[in-house]
Amino acid sequence: MSARTARTARTARRTRLFAATTVALAALALTACEGDTSDTGASAPAASSSPAGAQSESPTGEKESGNGAEGNGSKETNGSAGSTGSGSSGSGSGSGSSGSGSSDKSDKGSAAGVSDDSDSDKPGKCSASDVKITAKKVSRPLNHLLLTATNTGSKTCMLPQYPAARFGEAQSVPPVAEATKPQSLTGVEPGKSGYAGVLLSSGDGSGENGYETNTLTIPFEDGSIATVALPAGGVYVDTALTVTYWQTSMDAALGY
């Protein structure tokens with residue numbers, strides 16, 4: 001083999017080796033590009049934040065079809081419907097609250113009306129101008145006086161708890177016998193009477209500071225005062241002086 005032939009053979013081998021190397025490098029480059037394209041596709045969902053209807057690159061480099069945009073449009077429609085439903089619910093709730101308020105006001109108004117009517121039907125307190133009080137001595141029990149309060153007015157009225165009797169120039173009213181306290185105040189209808197008993201003095205002489213008097217006054221809660229005529233000759237009172245509560249019967253008034 002001549003020297004020229006040998007050089008030609010070596011040149012041919014180098015050419016084949018360079019071609020094989022070029023092909024291998026091209027294959028590696030293609031593989032690397034495909035890897036980059038895959039990575040880009042994996043991060044594609046982050047692009048969903050773009051406005052609806054915008055086209056984006058697919059993992060293969062192709063644009064998404066119009067179906068995706070239409071799907072996004074449907075979701076927006078659903079969201080609008082949800083908002084409308086929520087608004088209706090809020091409106092319904094407001095109506096319910098208004099109805100409740102009207103009911104409360106109506107109930108309160110009715111209750112107030114009933115209360116006013118019932119208060120107007122209640123009898124008022126007796127006054128000296130509505131009641132005439134008389135005093136009478138009784139034989140039993142001893143040293144007792146019977147007070148009779150007759151309603152001379154046109155309406156039923158309530159007597160005070162007991163007669164705050166002042167005999168003569170006394171500076172204080174006598175104590176009341178708690179054992180005679182009734183369950184409620186004594187009311188008297190027009191023409192009807194209430195009764196109270198008065199123990200004037202002790203029967204065994206144990207009372208002190210006794211004196212004779214012929215005047216008796218009984219005040220009422222409205223500030224008016226009734227002047228009561230005592231039996232002829234007046235009465236004798238001492239520290240045993242005690243009154244009962246107003247009663248609906250004579251027996252209850254004289255039972256103390």
Side-chain angles (χ1 to χ4, degrees), residues 115 118-256:
S115 177
S118 61
D119 288 344
S120 63
D121 292 339
K122 291 181 180 179
K125 296 178 180 179
C126 292
S127 173
S129 60
D130 303 323
V131 175
K132 180 180 180 181
I133 302 178
T134 60
K136 177 184 178 181
K137 276 187 176 181
V138 295
S139 57
R140 291 286 185 276
L142 292 175
N143 303 330
H144 272 68
L145 193 68
L146 176 66
L147 299 179
T148 302
T150 303
N151 186 348
T152 58
S154 59
K155 296 181 179 179
T156 299
C157 65
M158 307 301 292
L159 290 169
Q161 288 187 317
Y162 58 88
R166 289 183 182 274
F167 287 88
E169 300 299 324
Q171 299 300 310
S172 61
V173 298
V176 61
E178 290 296 334
T180 65
K181 186 175 183 178
Q183 293 183 349
S184 60
L185 293 176
T186 299
V188 285
E189 299 176 358
K192 301 296 182 179
S193 302
Y195 307 90
V198 181
L199 172 61
L200 297 171
S201 60
S202 62
D204 58 3
S206 60
E208 301 176 351
N209 302 323
Y211 60 94
E212 295 279 349
T213 182
N214 56 11
T215 62
L216 171 62
T217 56
I218 298 177
F220 283 78
E221 294 178 348
D222 65 349
S224 61
I225 300 175
T227 299
V228 183
L230 291 173
V235 295
Y236 176 83
V237 297
D238 61 21
T239 53
L241 181 63
T242 307
V243 299
T244 69
Y245 286 88
W246 285 109
Q247 310 290 332
T248 57
S249 69
M250 293 184 186
D251 292 340
L254 298 175
Y256 173 73

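Hydrogens, waters and symmetry mates are skipped; everything else that's a heavy atom, side chains included, is used.
- For the residue pair Lys137 and Pro231, the shortest heavy atom distance occurs at CG-CG, 3.9 Å.
- Residues satisfying the side chain to side chain contact (heavy atoms under 4.5 Å, CB included) test with Asp204, not counting sequence neighbours, are Ser202, Ser206.
- Residue pairs meeting the disulfide (SG to SG under 2.5 Å) criterion with at least one member in residues 177-256, sequence neighbours excluded, do not occur.
- Pairs engaging residues 219-248 under the salt bridge (charged side-chain N to carboxylate O under 4.0 Å, His left out) rule: Lys125-Glu221 [sequence neighbours left out].
- Here the shortest heavy-atom pairing between Pro123 and Met158 reads CG-SD, 3.7 Å.
- The side chain to side chain contact (heavy atoms under 4.5 Å, CB included) check on Gln171 picks up nothing, with sequence neighbours excluded.
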What donor-acceptor contacts under 3.5 angstrom involve side-chain atoms of residues 147-157, with partners at least two apart or in another chain?
from	atom 1	to	atom 2	distance (Å)
Thr150	OG1	Ser193	OG	2.8
Asn151	OD1	Gly153	N	2.8
Asn151	ND2	Lys155	O	2.8
Asn151	ND2	Val188	O	2.9
Thr152	OG1	Asp130	O	2.9

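- Nearest heavy-atom pair across Pro219 and Ala164 is CD-O, 3.1 Å.
- Checking each of Val198, Val228, Val138 against Leu145 for a side chain to side chain contact (heavy atoms under 4.5 Å, CB included) leaves exactly one that passes, namely Val198.
- Considering only heavy atoms from C-beta on, Tyr162 stays 4.5 Å or farther from Thr244 through its side chain.
- A donor-acceptor contact shorter than 3.5 Å links the side chain of Thr186 to the backbone of Trp246.
- Within the structure, disulfide (SG to SG under 2.5 Å) pairs that include any residue of residues 161-198 do not occur (at least two apart or interchain).
- Atoms OG and CG, from Ser249 and Leu254 in turn, are 9.0 Å apart once rounded to the nearest 0.5 Å.
- Under a cut-off of 6.0 angstrom, the local environment of OH in Tyr195 is crowded, with over 12 non-hydrogen atoms contributed by other residues, nucleotides or ligands.
- Taking the side chain as every heavy atom from C-beta outward, His144 and Leu199 approach each other to under 4.5 Å.
- Phe220 is linked by a ring pair (Phe, Tyr, Trp, His ring centres under 6.0 Å) to nothing, counting only residues two or more places apart in sequence or in another chain.
- Nearest heavy-atom pair across Tyr245 and Glu178 is OH-OE1, 2.9 Å.
- Evaluation of the salt bridge (charged side-chain N to carboxylate O under 4.0 Å, His left out) rule for Glu189 yields no partner, not counting sequence neighbours.
- Residues passing the ring pair (Phe, Tyr, Trp, His ring centres under 6.0 Å) test with Phe167, sequence neighbours excluded: none.
- Within the structure, disulfide (SG to SG under 2.5 Å) pairs that include any residue of residues 163-210 do not occur (at least two apart or interchain).
- Checked against side chain to side chain contact (heavy atoms under 4.5 Å, CB included), Ala177 has the following partners two or more places apart in sequence or in another chain: Thr180, Thr242, Tyr256.
- Residues passing the side-chain hydrogen bond (donor to acceptor under 3.5 Å, both in side chains) test with Glu169, sequence neighbours excluded: none.
- The two residues Leu230 and Asn214 have their closest heavy-atom pair at CD1-C, 3.4 Å.
- Of all heavy-atom pairs spanning Pro160 and Leu185, the tightest one is C-CD2, 4.4 Å.
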